[in-house]
Amino acid sequence: MTRDFADARLFADAQRYALEYLAASGERSVFPTPEAIAALSAFDETLPDGTGDAHDVLAMLHRIGSPATVNQIGGRYFGFVNGSVVPVALAAKQMASAWDQNAATYASSPLCSRLEGVVEGWLRELFGLPAETVAGFVSGSSIATFSGLAAARYRLLERLGWDVNERGLRESPPLRIVTGDQAHASVAKAINLLGFGQACVERVPTDDQGRLRIDRLPSLDDRTILILQAGNVCTGSFDPIAAAVARAREASAWTHVDGAFGLWAAASPRLADLTKGIEHAHSLSADAHKTLNTPYDNGVVLCRDREALAEAMKFAGAYLPTNEHRNGMAYTPEMSRRSRVVELWATMRYLGRQGMDDLVGGLHERAVQFGEELTAAGFRVLNDVVFNQVLVACDDDSTTTATLAAVQSSGVCWCGGTTWEGRPAIRISVSSWVTTAEDVTRCVAAFKAARALSPSPNPSLKEGGG
Ligand SMILES: Cc1ncc(COP(=O)(O)O)c(C=O)c1O
């Protein structure tokens, strides 16, 4: 095994493979072909006895791995809400990989400590949050929501005279959790991880867009955590945040906003109204790896109650430095962390306010275009396209299901499926900065071709009507 970093050829290989990959992203099949997936069996080796050749390791990854990737960095991947990657962020990540920083504390990385402080300030400004808001840089919104709810649990119980860190949840005063019945699955997971259990959740009915119905919001109190959603995974709709937060504040309840992809609407003046009221929430979660197109994994929890978050994440050790510097681990569940803030800093520093508006507003424009062109082609668009999500169906369920399957295997584009109001539907999530108006038109053509392949009971549509 070599003990230095002098093998420049190894890094040149990695760079060459990465550049080849990026150059082909425009035309590579959006989902890997069956042959590429079958070739993954080459990885089913026994653990080698001896040390191999590092060049061979990379060559194997490129040869077998690259073709079997989901091409989500191109402009025609619309699955989940995955986003692409802004080039400067990817390049910064490559640099940061060489640094291999541990962002846990100032002592382990003064650079990360400083950048986290800077980005925390930028996020506060961008989202219009109060000056006392702190940020924890986490892997994604699942952990951001977990962290926000942990802060809520600490504070609400502390107010009731119960130190949860000391006394745990056994025999603690009961807390209530109120959320829309379309809250993301990661919310339920965070609730379970925190030991609340689903039995304490009061689910508020939602409207035809998946928004929490404010007229059905129960009365809240100082033992309640209200969880709102900025961006429904199917429709992109936003809960009535301003009205609901106002109710929570009157009752001294805690409000958490899950804004995994939707919070970034605040970065675009033309969409910012959707997020009105977030400035009054106690905690929020957002994913830069979704709408902002940083590389994975890049989430953030924002909390206006610094002490509650820090107490919830408390971690002591005689060997740990206590100083006046920002120690990122004070606001995250993890101790050791990679320097994900580098990519977020690079993206925000590069795009600036105008670039973020262009990016986020552009996703909305492409989504609207998708909706219009699909409608013109005879598809049913089931949602109001207020942000980046388009929910689509054909005239009958079997055609919807068959069309989705054909789209997914077309290689031209990829979308996920869901069930909406008891019927199958296709989810289009426009979340890549790369997607152009031409891409959208090409994908609509792929939808029409996919529908024509399916055994539709409606012959006029089969012939490409609309
Ligand atoms: C609304 C919402 N909340 C939470 C999450 C979970 O985010 P992550 O996958 O980054 O943990 C998602 C993921 O798609 C989401 O759309």
Side-chain angles (χ1 to χ4, degrees), residues 70 72 77-85 89 123 127 135-150 177 179-194 201 203 206 209-212 225-239 241 244 255-266 274-275 278 281 283-302 332-334 337-338 340-341 343-344 347 360 363 367 383 386-391 414-418 420 425 427-432:
V70 170
Q72 66 176 38
Y77 182 79
F78 306 103
F80 309 101
V81 195
N82 276 4
S84 177
V85 57
L123 291 173
F127 296 135
F137 296 89
V138 294
S139 57
S141 276
S142 300
I143 297 301
T145 297
F146 168 82
S147 305
L149 299 189
I177 296 183
T179 189
D181 64 14
Q182 293 254 340
H184 191 264
S186 57
V187 169
K189 186 171 183 172
I191 289 168
N192 291 349
L193 286 171
L194 287 163
V201 181
R203 294 181 199 288
T206 44
Q209 300 295 311
R211 293 172 294 219
L212 173 145
I225 305 171
L226 173 66
I227 304 172
L228 301 173
Q229 181 163 257
N232 176 291
V233 278
C234 289
T235 64
S237 71
F238 290 63
D239 283 344
I241 298 171
T255 309
H256 179 86
V257 178
D258 171 13
F261 65 93
L263 210 66
W264 302 99
L274 292 167
T275 62
I278 58 170
S283 56
L284 309 101
S285 24
D287 273 335
H289 59 224
K290 291 190 166 72
T291 317
L292 207 60
N293 281 221
T294 68
Y296 275 86
D297 48 34
N298 221 308
V300 61
V301 56
L302 295 150
T332 60
E334 319 94 308
R337 280 177 303 131
R338 69 179 197 87
R340 53 176 68 95
V341 72
E343 296 117 68
L344 181 48
T347 304
V360 178
L363 302 180
N383 65 319
V386 295
F387 193 43
N388 68 327
Q389 301 293 117
V390 190
L391 195 60
W414 200 94
C415 309
T418 191
W420 185 254
R427 287 177 61 232
I428 300 170
S429 171
V430 185
S431 40
S432 164

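Each ligand, and each atom within it, is numbered from 1 in the order the structure gives. Throughout, residue positions are numbered sequentially from 1 according to the sequence presented. Excluded from the calculations below are hydrogen atoms, water molecules and symmetry mates; all remaining heavy atoms, backbone and side chain alike, are included. Just so we're clear, the structure is a prediction, and the values are computed from it rather than from any experiment.
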Checklist line | Close-contact set for ligand 1 against Asp287 heavy atoms, below 4.0 Å | finding: 7 (O), 8 (P), 10 (O)
Next item on the list: Could you check atom 5 (C) of ligand 1 against the protein and tell me its nearest heavy-atom contact, residue, atom and distance included?
Entry: His184 CE1, 3.3 Å
Item checked: Under 3.5 Å: N/O of Ser139 near N/O of ligand 1 -> no
Notebook entry, point to check: Hey, is Gly231 one of the residues with a heavy atom under 4.0 angstrom from ligand 1?
Noted result: yes
Check: What atoms of ligand 1 come closer than 4.0 angstrom to any heavy atom of Gly140?
Finding: 10 (O), 11 (O)
Next item on the list: Considering only non-hydrogen protein atoms, determine which one is nearest to atom 16 (O) of ligand 1 and report residue, atom name and distance to 0.1 Å.
Entry: Val233 CG1, 3.0 Å
Check: What's the shortest heavy-atom distance between Ala286 and Ser141, and which atoms?
Finding: C-OG, 3.6 Å
Notebook entry, point to check: Just which atoms of ligand 1 are under 4.0 Å from any heavy atom in Ala260?
Noted result: 1 (C), 2 (C), 3 (N), 4 (C), 5 (C), 12 (C), 15 (C)
Next item on the list: Quick one: look at Ser186 and ligand 1, take heavy-atom pairs under 4.0 Å, and tell me if it's side chain, backbone, both or neither.
Entry: side chain
Notebook entry, point to check: If you count the atoms of ligand 1 from 1 in the order shown, which ones are under 4.0 Å from a heavy atom of Ser142?
Noted result: 6 (C), 7 (O), 8 (P), 11 (O)
Item checked: Contact check, Phe261 vs ligand 1, heavy-atom distance below 4.0 Å -> yes
Check: Once you round to the nearest 0.5 Å, how far does NE2 of His184 lie from OG1 of Thr179?
Finding: 12.0 Å
Checklist line | Candidate with minimal heavy-atom separation from atom 3 (N) of ligand 1, of Asn82, Ile143, Asp258 | finding: Asp258
Notebook entry, point to check: Heavy atoms, side chains only, cut-off 4.5 Å: are Gln389 and Asn232 in contact?
Noted result: no
Check: Would the number of heavy atoms belonging to other residues, nucleotides or ligands and lying under 6.0 Å from CZ of Phe80 be above 12?
Finding: no
Check: Is Ser141 close to ligand 1, meaning an N/O of one under 3.5 Å from an N/O of the other?
Finding: yes
Next item on the list: Begin with the C-alpha distance, continue with both residues' side-chain angles, and end with the deciding distance and a verdict on side-chain contact (heavy atoms from CB on, under 4.5 Å) for Leu149 and Leu193.
Entry: CA-CA 10 Å; Leu149 299 189; Leu193 286 171; over 6 Å; no
Item checked: Over all atoms of both residues, closest heavy-atom pair of Val300 and Ala135 -> CG2-CB, 3.8 Å
Notebook entry, point to check: In terms of ring plane angle, is the pair Phe387 and Phe238 parallel, tilted or perpendicular, where the classes change at 30° and 60°?
Noted result: perpendicular
Margin query: Ignoring hydrogens, what is the shortest heavy-atom contact between Cys415 and Arg427? Give both atom names and the distance.
Written below: CB-O, 3.3 Å
Item checked: Ligand-residue contact atoms, ligand 1 with His289, heavy atoms, under 4.0 Å -> 10 (O)
Next item on the list: Considering the heavy atoms of Lys290, write down every atom of ligand 1 situated less than 4.0 Å from one of them.
Entry: 7 (O), 8 (P), 9 (O), 10 (O), 12 (C), 13 (C), 14 (O)
Notebook entry, point to check: What are the two closest heavy atoms between Thr275 and Ala265, and how far apart are they?
Noted result: CG2-CB, 3.9 Å
